[in-house]
Amino acid sequence: MAIPPVAVPVTPSAAVPAALQITPDDEVKRVRLVQMKRVATLMLVGVALLFVVTRLLESRYPWLGFVRAFAEAAMVGGIADWFAVTALFRHPMGIPIPHTAIVASRKDRIGTALGNFVQRNFLTREVVASKIAAMNLGDRAAQWLAQPENSRRLARHAAHGLSGAVGVMRDEDVQEMVDRGIVSRLRRMQAAPLMARLFELLTTGGRHQALLDDALRLAAKFLNENEAMIREKVKAESPWWVPGAVDSRVGDKIVSGVEKTLVAVAADPDHPLRQRYDEAVDRFVASLRENPDTIARFEQIKLDVLAHPGVADFSRDVWGDVKARLATYAERLADDAEKEPDQIERWLAGLGQAVLEDPVLSAKVDGWIVEIVSYSVEQAREEVAKLISATVAAWDADATSRKIELQIGRDLQFIRINGTIVGGLVGLILYSAGLLLNR
C-alpha cells in the first residue's frame, strides 16, 4: 500500500541551517519512519482488540485467560514504550508532561555534551596521531607526487597561485612589509657582535689561514705581473744623483725580498707572520665584542648602509624581478600544455621518488605530518567543541527534534514493537505463575 506524503512543517530553507534542511534522503527516511510507526501502532491496536475479545469470551473459554493475559501485558508494554519513544521528540498527545520533548528542551545541553564528547574522545593527540600514522600519508603523497602529471599539476597550481597572489599585492605594501619585517629588525640588531660571530666561524678549523694562502698567491701573481712597473717606480722615486745601476739593484732587492717572504710564509704554517695574523684576528674579534668605540663604529656603518637609498631600490628591484618571473612562468605553463617537464616539475617528481626509495626519509616525512596534524588538532580541539556547542545552540529546537527523529526514529519504533511482544510474554509468564501458585 502506498504511503501518502505527510506534511513536515519546516521554516523556509533560507532560515534553516543546512544541517537541518530536509534532503531527498530525508524524505526516504520519513516514508520508512511512517511505515514503521504504522506497524507498531497496528500491533498495539491488535493486542488491544485481542484483549477486549478475550476478556468477553474468557468466562466461556477459560483457556483464553492465557491469551488475555498476553494481550493485556502487551498492551501495557506497547503503550509504555510508545510514551517513552514519543517523549524523546515531543509532548505525548500534546500534553506538556514534565521530562518530555527531551531533544527539543535539552538541545543546548545535548550540543555541549556532544562537543565535549568529540573533544575528549576523538580530538586527542593520541587518537589523531595513531590514525594519521596508520594512513601512511607520507608514502601516499610521495606516490602521488612521483607521477609526472601530478607534479606538473601541482607546479602549475602553485605558479598560478603565487602569480595571482603577488599580482594583487601593491608594491608599496610589500616595501612597507620589508621595512617593518627586515630593515627594522636589522636596525635593532647590533652589527658588531654579529660580525664577531662571523669571524669566529671563519677562524674555526684554520679557515682564515686558507684565506691568507689565497691572499699570498694573489700577491705573488701581482708581483710577477708587475715586476717591471715596480722597478720603474723605484727608479722614478730615487734622487737624480743616484746612478741607474743602483736603482736597478734596489728594485731587484725589493722584488726578490718580497718574493722570498711570500714563499716563506706560504710554505711555513708556523711562520711568525702567520702568528701575528692570528693575533690580529683575535684582537679584532675581541674588539668587536668588548670595545665600545668599535661597536659604535660598526653600528653607525650599519645604520648608514640601511639608510642608503640603494637598499630600498634593491628591495624594489628584487620584488619586481620576482613578480615578473612568476607571471612569466605562469603564462608559459598556460600557453604550453604539452611542454617537457621543467626544473620545478622535475624537482617535485624527484622529491616524491626520493621519499619512496628512502625508508628513513619516508619515516621522517610521516613523523612530520603526524606532528603537524596532531599539534594543529590539539590546538583547535577546544574551539571545535565550542563550535559544535554554539552551532547546535543556534538551531531551532523543533527542527532539530524532527531532523534527529528522521535519522533514528525508524529504529526506535522497534522498541515499541519489542516492548509489545516482550510485555505480552512477561504477562503470560506472570499469569501462568499465578495459576500455579493458586493450586
Side-chain angles (χ1 to χ4, degrees), residues 1-9 25-107 109-110 113-114 117 397-439:
M1 180 177 63
I3 303 297
V6 177
V8 180
D25 183 58
D26 288 335
E27 182 61 23
V28 174
K29 292 179 180 179
R30 185 195 64 78
V31 172
R32 298 176 65 187
L33 172 60
V34 171
Q35 290 175 336
M36 289 306 301
K37 281 185 175 181
R38 289 183 176 179
V39 171
T41 302
L42 287 174
M43 285 190 65
L44 180 58
V45 172
V47 295
L49 293 174
L50 184 60
F51 170 75
V52 173
V53 171
T54 55
R55 184 62 175 165
L56 294 174
L57 298 176
E58 184 179 359
S59 59
R60 294 175 57 187
Y61 306 100
W63 61 269
L64 287 178
F66 292 96
V67 181
R68 189 265 308 160
F70 173 86
E72 182 179 13
M75 186 171 53
V76 172
I79 293 174
D81 286 335
W82 165 82
F83 181 90
V85 171
T86 304
L88 285 174
F89 307 105
R90 62 187 63 84
H91 297 300
M93 302 180 67
I95 302 173
I97 303 171
H99 303 293
T100 58
I102 293 174
V103 172
S105 60
R106 304 289 193 276
K107 173 180 63 69
R109 188 183 301 176
I110 293 173
L114 178 61
F117 179 79
D398 294 333
T400 302
S401 181
R402 286 191 296 269
K403 187 73 171 181
I404 295 176
E405 185 178 13
L406 285 178
Q407 307 307 313
I408 64 174
R410 182 175 182 274
D411 294 325
L412 293 179
Q413 299 309 308
F414 285 102
I415 295 178
R416 296 177 56 191
I417 296 173
N418 293 335
T420 302
I421 297 173
V422 173
L425 293 175
V426 171
L428 180 60
I429 293 172
L430 293 177
Y431 179 78
S432 300
L435 291 178
L436 291 175
L437 292 175
N438 290 331
R439 288 185 177 180

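For reference, positions follow the sequence shown, starting with 1.
- Residues in residues 32-54 take part in no ring pair (Phe, Tyr, Trp, His ring centres under 6.0 Å) pair, two or more places apart or across chains.
- To the nearest 0.5 Å, atoms CD1 (I404) and OG1 (T400) are separated by 6.0 Å.
- The CZ atom of R68 sits 11.0 Å away from the CG atom of L50 when rounded to the nearest 0.5 Å.
- With sequence neighbours left out, I79 forms a side chain to side chain contact (heavy atoms under 4.5 Å, CB included) with L44, M75.
- Sequence neighbours left out, not one pair with a member in residues 27-50 passes ring pair (Phe, Tyr, Trp, His ring centres under 6.0 Å).
- Under the side-chain hydrogen bond (donor to acceptor under 3.5 Å, both in side chains) criterion, the residue pairs touching residues 98-107 are H91-T100, with sequence neighbours excluded.
- Qualifying salt bridge (Lys or Arg N to Asp or Glu O under 4.0 Å) partners for R90, counting only residues two or more places apart in sequence or in other chains: E405.
- With sequence neighbours left out, D25 forms a salt bridge (Lys or Arg N to Asp or Glu O under 4.0 Å) with K29.
- Sorted by first and then second residue, the salt bridge (Lys or Arg N to Asp or Glu O under 4.0 Å) pairs with a member in residues 46-56 read R55-E58; sequence neighbours excluded.
- Sorted by first and then second residue, the salt bridge (Lys or Arg N to Asp or Glu O under 4.0 Å) pairs involving residues 94-104 (not counting sequence neighbours) form an empty list.
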- Task: Take V422 and L425 through the test side-chain contact (heavy atoms from CB on, under 4.5 Å) and record every step on the way to the result.
- Result: CA-CA 5 Å; V422 173; L425 293 175; 5.5 Å; no
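- Residues satisfying the ring-ring contact (aromatic ring centres under 6.0 Å, His included) criterion with F117, sequence neighbours excluded, are F122.
- Nearest heavy-atom pair across A397 and A104 is CB-O, 3.6 Å.
- When every heavy atom of L33 is checked against every heavy atom of G409, the shortest pair comes out as CD1-C, 3.3 Å.
- I97 is listed as a side-chain neighbour of F83, based on a closest heavy-atom distance under 4.5 Å.
- Residues A73 and G423 approach most closely at CB-O, 2.8 Å, considering heavy atoms.
- In summary, the side chains of R410 and Q413 do not present any donor paired with an acceptor at a separation below 3.5 Å, with no hydrogens or angles considered.
- F89 pairs in a side chain to side chain contact (heavy atoms under 4.5 Å, CB included) with only one of the listed residues (I102, D398, I408), which is I408.
- Residues satisfying the side chain to side chain contact (heavy atoms under 4.5 Å, CB included) criterion with M43, sequence neighbours excluded, are I417, T420, I421.
- No option in R32, R402, K403 other than K403 meets the salt bridge (Lys or Arg N to Asp or Glu O under 4.0 Å) test with D26.
- Taking the side chain as every heavy atom from C-beta outward, V31 and V28 never approach each other to under 4.5 Å.
- Here the straight-line distance linking atom CZ of F414 with atom CG of D81 works out to 14.0 Å at 0.5 Å rounding.
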May I have the list of side-chain donor-acceptor pairs in residues 430-438 shorter than 3.5 Å, sequence neighbours left out?
from	atom 1	to	atom 2	distance (Å)
S432	OG	L428	O	2.9
N438	ND2	G434	O	3.1

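- Checked against side chain to side chain donor-acceptor pair (under 3.5 Å), T86 has the following partners two or more places apart in sequence or in another chain: W82.
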